[in-house]
Peer 1: 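Could you have a look at this structure, given as structure tokens, before my questions?
As the structure is a computational prediction, the values presented were derived from the model and not from experiment. Basis for what follows: all heavy atoms, side chains included, without hydrogens, waters or symmetry-related copies. Indexing begins at 1, ligand by ligand and atom by atom, following the structure's order.
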Amino acid sequence: MKIGILISGRGSNMQALVEACKAPDYPAEAAVVISNRPDALGLEYARYSGIPALVVDHKAYASRTDFEVDLHAALKDHGVELVCNAGFMRLLTKGFVDKWRDRQINIHPSLLPAYKGLHSHERAIAEGVKITGCSVHFVRTEMDSGPIIAQAAVQVLAHDEPGDLAARVLQAEHKLYPHALRLVAEGRTRITGNIVTIDGESTPSPVLFSPGLYPPG
Ligand code: GAR
């Protein structure tokens with residue numbers, strides 16, 4: 001499955017997807033990386049990896065819709081079948097989202113539907129949650145919403161600063177996103193309303209307790 005990866009900045013999740021795509025048995029191929037910002041750091045890595053890396057600069061357009069016409073055309077030109085938002089920080093209009101319905105996924109650094117939008121880690125820490133994490137979901141018009149494909153849980157530790165937590169969640173993101181993309185690219189995801197079921201789902205992981213059980217066991 002040919003994927004187009006949308007970024008706005010550092011692009012570490014894009015990098016995780018591109019690395020996963022290099023494995024011979026991985027069911028997706030990175031066809032293009034597109035940034036809405038010319039200064040996005042991730043563009044360099046994409047070019048270094050030999051993947052077409054384009055800028056569709058939103059500031060060069062009079063309206064969101066005009067920007068999206070060119071974004072859509074660039075994805076189509078590269079034969080993209082699935083769009084992967086990887087730190088793409090631009091809201092997309094209903095027109096674009098509908099064109100890619102069930103063919104566009106996003107990663108967000110929280111256990112959705114909690115902490116949509118910006119500053120997820122600051123808010124999780126401020127509210128004293130003990131477990132947070134990250135989610136990969138199909139994109140719908142409302143920001144950071146849509147049928148959830150996969151999630152990973154991460155402990156919030158005492159004295160965590162937002163940056164500490166963000167770094168641990170990011171490590172989980174880099175494992176979760178390639179995993180979720182594999183499920184989609186293998187055609188194992190079924191969407192019914194807002195619910196995704198996975199064909200041949202694997203055995204459950206152990207429960208994560210936070211704080212940990214004492215004595216451990
Ligand atoms: C990641 O933590 C991603 O989950 C988040 O932006 C970061 C991008 O980092 N995305 C969102 O908040 C989307 N609402 P990256 O550029 O290194 O992948």
Peer 1: Counting each atom of ligand 1 from 1 as listed, which ones have a heavy atom of H108 under 4.0 Å away?
Peer 2: 4 (O), 11 (C), 12 (O), 13 (C), 14 (N)

Peer 1: Among all protein non-hydrogen atoms, which one is nearest to atom 15 (P) of ligand 1, and what is the separation to 0.1 Å?
Peer 2: S12 N, 3.4 Å

Peer 1: Is it the side chain, the backbone, both or neither of K116 that has a heavy atom closer than 4.0 Å to ligand 1?
Peer 2: neither

Peer 1: Measure up the F67 and F88 rings against each other and bin them: parallel (under 30°), tilted (30 to 60°), perpendicular (over 60°).
Peer 2: parallel

Peer 1: Should one rank L112, L41, D144 by closest heavy-atom distance to atom 14 (N) of ligand 1, which comes out on top?
Peer 2: D144

Peer 1: Give a yes or no on whether the backbone of P178 and the side-chain of Y26 come within a donor-acceptor separation of less than 3.5 Å.
Peer 2: yes

Peer 1: Checking a contact table here: which protein heavy atom is nearest atom 16 (O) of ligand 1, and how many Å away?
Peer 2: G11 N, 2.8 Å

Peer 1: Is the shortest side-chain N to carboxylate O distance from E19 to K22 below 4.0 Å?
Peer 2: yes

Peer 1: Tell me, with the steps shown, if H78 and I34 meet side chain to side chain contact (heavy atoms under 4.5 Å, CB included).
Peer 2: CA-CA 11 Å; H78 288 83; I34 305 177; 5.9 Å; no

Peer 1: Check this for me, if you would: do E142 and K116 make a salt bridge, where the nitrogen-to-carboxylate-oxygen distance has to be below 4.0 angstrom?
Peer 2: yes

Peer 1: Which residue and atom name correspond to the protein heavy atom nearest atom 12 (O) of ligand 1, and how close is it?
Peer 2: P109 CD, 3.4 Å

Peer 1: Who's the nearest protein heavy-atom neighbour of atom 9 (O) of ligand 1, and how far?
Peer 2: R10 NH2, 3.0 Å

Peer 1: Do H108 and S120 get their side chains close enough for a donor-acceptor pair, meaning under 3.5 Å?
Peer 2: yes

Peer 1: Should R140 and D102 count as an ion pair when the cut-off is N to O under 4.0 Å?
Peer 2: yes

Peer 1: Please confirm whether M143 approaches ligand 1 to less than 4.0 Å, judged on its heavy atoms.
Peer 2: no

Peer 1: With a 4.0 Å cut-off on heavy atoms, is I107 in contact with ligand 1?
Peer 2: yes

Peer 1: Going by side chain to side chain contact (heavy atoms under 4.5 Å, CB included), L6 matches just one of L71, N106, V56. Which one?
Peer 2: L71

Peer 1: Please write down residue, atom name and distance for the protein heavy atom closest to atom 8 (C) of ligand 1.
Peer 2: G87 CA, 3.6 Å

Peer 1: Counting heavy atoms only, which part of N85 comes closer than 4.0 Å to ligand 1: side chain, backbone, both or neither?
Peer 2: neither

Peer 1: How far is atom 2 (O) of ligand 1 from its nearest protein heavy atom, and which residue and atom name does that atom have?
Peer 2: E173 OE2, 2.9 Å

